[in-house]
Amino acid sequence: MVWARPMTDAECTLRYLVGLDVNMAFGAGANGLAVGLGAPTHVKAPVFDPKLPGSWLVDLSHVDLSRVKVAKDTWADLDSSLLPSPFTPKGEHPTGPAWYATPTVAYAQELGYDVAPLEAWVQYDNGRYLDGWYQRLRDAHLATMADLGVDADLSPEDFLAAMDGYKDRDPELALVLSAIKATAKGSIGKMRERPRGENWRPGEPWRALSRPTWRPDIRAAVISRTRINLHRKIVKHAAFTGQYPIAVNHDCVVYASNGPSPLDFLPYRQGKPLPGGFKLGINPGLVKHEGTQTVLWGEQVREKFNAPELNLARFIKDGEITNADNGE
C-alpha cells in the first residue's frame, strides 16, 4: 500500500513525524499462509470461505471504515477520512466489484461486514507451501541480528538502544542481513517476473512463464496478507489512541508525535504493547524505528514541491528528497 494525506491542524501542532518499519513484512505475510498446490477451480456465486486460497470477484465498497469491529463483540467509531482503504493498492475507497485474494476478503468480514462474491477461482488442493522458506529466513535474520547485538527478547527501550547504529558494528554481517532481506522480498517478486528484454514482443510468452515458481497467485496472496497485517495494526492503534497515520509506504508507516521516539506515541503499558497493535522488536512482523523528522520538515517539503499529499514515509529515514515524489 502506498498512501498519504495532508496533516490535520491538530497534527501540525505536534513536533515530530516518526516512522515505523515492519521487519521482513513479506516474510511475515507468508508465514502460515495457505496457498494453492494444484489447479484452480472456477465457481459461480460462491459462498466465501476464508480458509480457501483463491481470487474472488466481490464488491467491498460497502465496507465503512468509520465503524468497524476491533474485537469479537466490540465496534469502534473511527475517522475514515484519515485512514487508507485496505482494498486498493493506493488506499482509495473501492467503487465496485474487483478481484481480491482470500486474505483481503476475509479482512472485510473481520471488520464486521458481509461479503457476497460474484465468482471465484479457488484452489481446493492447498497447503502452507512457504512455511519452510519463511522459517529458514526468519532464523537467519534473528541469528544475524543477535550477532549484531540485537536480541529478540529485549525490552522496548533496550531494543531501540541496541538498534542505534547496529549495522556499523560489523559491516560484513550487515551485508549478510541485507542479503536475507533481499531474498525475502525478491523471492515474492520473482513469482510474477515480467519480460526482461530478450527481444520479447507483446502477445508472446516470456521465459519466466515456464518456470514452476512463476506463481502470481501466491505473490498476490502474500501481498494481500502483508497489507492486511499492517492495516489491522493501524486500525487497532486508531481505535485505542485516536492517532491516525500520515503516510504509508508498503511496510513503513508515519505518525505525528510530541516526541521523537516510537515510545512517545505507542501505547505501551508496563512494557507490554497494545494487543494486535504495533510492537517493537526484531521478529518478522514486529516493527523498528525507521526514522524521525520534524513536522516543520514535513510541511516545508510538501510546500516546496506543492504536494500536500507527498508521501513522507518514503523519506522519513534520512529526510533527503532529491526530486518530487511521483507515486511510483
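Reckoned from all heavy atoms, side chains included, excluding hydrogens, waters and symmetry mates.
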Plane angle bin for W121 and H42 - parallel if under 30°, tilted between 30 and 60°, otherwise perpendicular: tilted

E157, CD atom: more than 12 neighbouring heavy atoms under 6.0 Å: yes

Side-chain (S224) to main-chain (A220) donor-acceptor, under 3.5 angstrom: no

Whether over 12 other heavy atoms sit under 6.0 Å from K317 NZ: no

Under 3.5 Å: donor-acceptor pair, side chain of H237, backbone of L274: no

Flag, side chain of D264 to backbone of S261, donor-acceptor distance under 3.5 Å: yes

Exceeds 12 heavy-atom contacts within 6.0 angstrom, atom OH of Y113: yes

Test item: N258 side-chain N/O and L14 main-chain N/O as donor-acceptor pair under 3.5 Å: no

More than 12 heavy atoms of other groups within 6.0 Å of R211 CZ: yes

Heavy-atom closest pair, residues E193 and W206: O-NE1, 2.9 Å

Path from L52 to V222 over hydrophobic side-chain contacts below 4.5 Å: no

Heavy-atom neighbours of K181 NZ exceed 12 at 6.0 Å: yes

Linked, directly or transitively: M1 and L310 (ILVMFWY side chains, under 4.5 Å): no

hydrophobic_cluster_shared for M191 and Y100, side chain cutoff 4.5 Å: no

H141 (side chain) donor-acceptor with I282 (main chain) under 3.5 angstrom: yes

Cluster link L142 to V287, ILVMFWY, side chain under 4.5 Å: yes

Check: T74 side chain, V70 main-chain N or O, donor-acceptor pair, under 3.5 Å: no

Under 3.5 Å donor-acceptor, H250 side chain and V2 backbone: no

Minimum side-chain heavy-atom gap P308-R302 below 4.5 Å: no

Heavy-atom pair of closest approach, residues R5 and L82: NE-O, 3.5 Å

Backbone N/O of D153 and side chain of D151: donor-acceptor pair under 3.5 Å: no

Where L83 and W3 come nearest, the two heavy atoms and their spacing: C-CZ2, 3.8 Å

Positive for side chain to side chain contact (heavy atoms under 4.5 Å, CB included) with W56, one of V43, T104, V122: V122

N/O donor-acceptor pair under 3.5 Å between Q293 side chain and I316 backbone: yes

Polar side-chain atom of N229 near backbone of R227 as donor-acceptor pair, under 3.5 Å: no

Neighbour count above 12 (heavy atom, 6.0 Å) for R15 CZ: no

Minimum-distance pair of heavy atoms, taken over all atoms of P156 and L263: CB-CD2, 3.9 Å

D217 bridged to R215 by N-O distance under 4.0 Å: yes

Separation between NZ of K304 and CD of E299, rounded to the nearest 0.5 Å: 15.0 Å

G149 versus A162, closest heavy-atom pair with distance: O-CB, 3.6 Å

Same apolar cluster: Y244 and L17, side chain cutoff 4.5 Å: no

Taking every non-hydrogen atom, the tightest pair across G319 and W297: O-NE1, 3.1 Å

